[in-house]
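See below for the structure under consideration.
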Amino acid sequence: MNTVSAKKISIGVLAGLTAALLLLGAGKQMSVISVLIIYTASALPILIAGLGWGNSAAIAAVAAGAALSSVLVSPLYALAVTLAALCPAAWLSHLANLARPASELGGPDHLLAWYPLSDILLHLCGLQAVALIVVGFVSGYDPEIVRQVVDVLAQTLAAQEPSVKMDPEIIAQWKVILPIMLPIFMGGMWVFMLFAAYYIANRIVNASSRGLRPREDVPSSLRMNRNSIFIFLTGLALSFFGGSLGLIGLIVVGTFGAGFLLSGFAALHFRTRGKDWRLPVLILLYLTSIVVGLPLLVVLVIGLLDTRKAIALTPVASDKSKSSDSTS
């Protein structure tokens, strides 16, 4: 059982305060790359606290981070960062520490079965979808606001560069494309950032011998849960509707599509192992995906076609089994 102690609470509070300050710093950055890096780093303290010191540290981290965010900015901002970053990080650390005897799943008695990485990724996509939907409705997000922003940007560019004339047809196209792409992009980026933070935190905790969960072979075990396909297809169908249903569908497509992209890239890394041409092909794939974007559709299809559940197994150790937070 996970025992509560002053040390764990203190570590959690420190992690939450650090995460809140990092999130606040990310909002002051002008560079998109800087914002993404700092947002990813903001989840690390909570993930490390949860993976290394258990649920009590993670809960304390979420509470401290939410409280500081509310005081420094506003309750609405605190709600947004809590739903989108703090709570998902704490929940991922909780899931990662779940284990049960492998015999309960039909395996050997001397092994522990850890919560599957595919299900952790499913939870991450679902949490991000719910967070963005709630924050969007609470903040009053409206696609019309995005269209107005396009007009403002076009007017600003025309004022700064009078020689550059914006084609009205191009502006009209952006007004159609941007309200569709923004929810997808936001949902996908949050999934990518939080999974990257989870991966880094897991490596840090394992290197410090604090982690319970064994280090996994991500290329072979990172796949989406089969049930994720139905959620993704439902979101895709809803995205063709207008209004609130369409917005919900776009967010689901973005979050779960990012999950399938992650699993697709992992599958490609796994299938190209041992090949002489592996490195140049993977580099070319990543570069063309960033510049063109078209290869992402191929990776998405690979992720959709390769869905399974891989369970990590480790020998039963008395010290680890006693320190596990709970069983799944």
Side-chain angles (χ1 to χ4, degrees), residues 1-5 8 11 43-44 46-59 88-127 194-229 259-260 262-274 302-303 305-328:
M1 295 295 293
N2 182 40
T3 57
V4 179
S5 67
K8 292 181 179 180
I11 290 173
L44 281 174
I46 296 179
L47 282 163
I48 292 173
L51 291 170
W53 285 269
N55 289 340
S56 57
I59 294 171
W91 185 248
L92 291 183
S93 67
H94 165 68
L95 294 178
N97 285 339
L98 292 179
R100 61 166 61 174
S103 58
E104 295 182 7
L105 303 174
D109 294 333
H110 66 285
L111 295 179
L112 277 178
W114 295 87
Y115 199 79
L117 189 57
S118 60
D119 290 354
I120 293 177
L121 187 55
L122 170 63
H123 279 256
L124 172 58
C125 296
L127 285 171
L194 271 174
F195 183 80
Y198 166 78
Y199 177 80
I200 296 170
N202 212 16
R203 295 290 296 270
I204 292 173
V205 172
N206 280 332
S208 65
S209 301
R210 288 286 319 179
L212 298 174
R213 188 183 184 91
R215 181 177 172 181
E216 293 178 82
D217 180 24
V218 173
S220 64
S221 60
L222 180 60
R223 300 294 185 272
M224 282 289 275
N225 187 297
R226 290 184 177 88
N227 296 329
S228 304
I229 295 179
F260 283 111
L262 285 170
S263 64
F265 277 115
L268 287 173
H269 276 262
F270 180 69
R271 294 176 183 178
T272 56
R273 277 180 173 171
I302 293 173
L305 295 177
D306 190 0
T307 57
R308 57 185 174 82
K309 183 182 296 188
I311 301 176
L313 299 173
T314 57
V316 176
S318 58
D319 56 338
K320 287 191 175 183
S321 61
K322 290 180 182 179
S323 59
S324 295
D325 285 348
S326 57
T327 56
S328 61

Which heavy atom of Leu51 sits nearest a heavy atom of Ala96, and at what distance?
-> CD2-CB, 3.6 Å

Interatomic distance, Arg213 atom CZ to Leu95 atom CG [nearest 0.5 angstrom] = 9.0 Å

Kindly compute the distance separating CG (Leu194) from CG (Leu92), expressed to the nearest 0.5 Å.
-> 6.5 Å

Which residue pairs pass the side chain to side chain donor-acceptor pair (under 3.5 Å) test when at least one of the two sits in residues 198-211, sequence neighbours left out?
-> Tyr199-Arg203

Ile200 and Leu44: side chain to side chain contact (heavy atoms under 4.5 Å, CB included), yes or no, with the steps?
-> CA-CA 8 Å; Ile200 296 170; Leu44 281 174; 3.9 Å; yes

Just wondering, more than 12 heavy atoms not from Arg215 lying within 6.0 Å of its CZ?
-> no

Looking only at atom types and distance, does a side-chain atom of Asn97 sit under 3.5 Å from a main-chain N or O of Gly54, one as donor and one as acceptor?
-> no

What is the distance from atom OG1 of Thr307 to atom CE of Met224, rounded to the nearest 0.5 Å?
-> 9.5 Å

Residue set satisfying ring-ring contact (aromatic ring centres under 6.0 Å, His included) with Phe260, at least two apart, ordered chain then number -> Phe232

Intermediate values then yes/no, side chain to side chain contact (heavy atoms under 4.5 Å, CB included), Asn225 and Leu121 = CA-CA 8 Å; Asn225 187 297; Leu121 187 55; over 6 Å; no

Write down the atom of Ala267, the atom of Ile302, and the distance for their closest heavy-atom approach.
-> CB-CG2, 4.0 Å

Could you list the residues that satisfy side-chain hydrogen bond (donor to acceptor under 3.5 Å, both in side chains) with Ser5, not counting sequence neighbours?
-> none

Using 30° and 60° as the class limits, which term best fits the ring planes of His123 and Trp91: parallel, tilted or perpendicular?
-> tilted

Correct closest heavy-atom pair for Arg223 and Ala266 would be NH1-CB, 3.7 Å

For Leu112 and Pro101 the tightest heavy-atom approach is CD2-N, 4.0 Å

Euclidean distance, Arg100 CZ relative to Leu111 CG, rounded to 0.5 Å = 14.5 Å

With rounding to the nearest 0.5 Å, note down the distance linking CG in Leu117 to CG in Leu222.
-> 5.0 Å

Residues Ala58 and Ser93: closest non-hydrogen pair is CB-OG, 4.0 Å

If you round to the nearest 0.5 Å, how far is CZ of Phe270 from OG of Ser263?
-> 14.0 Å

Heavy atoms of Ala201 and Ile48 approach each other most closely as CB-CG1, 3.9 Å

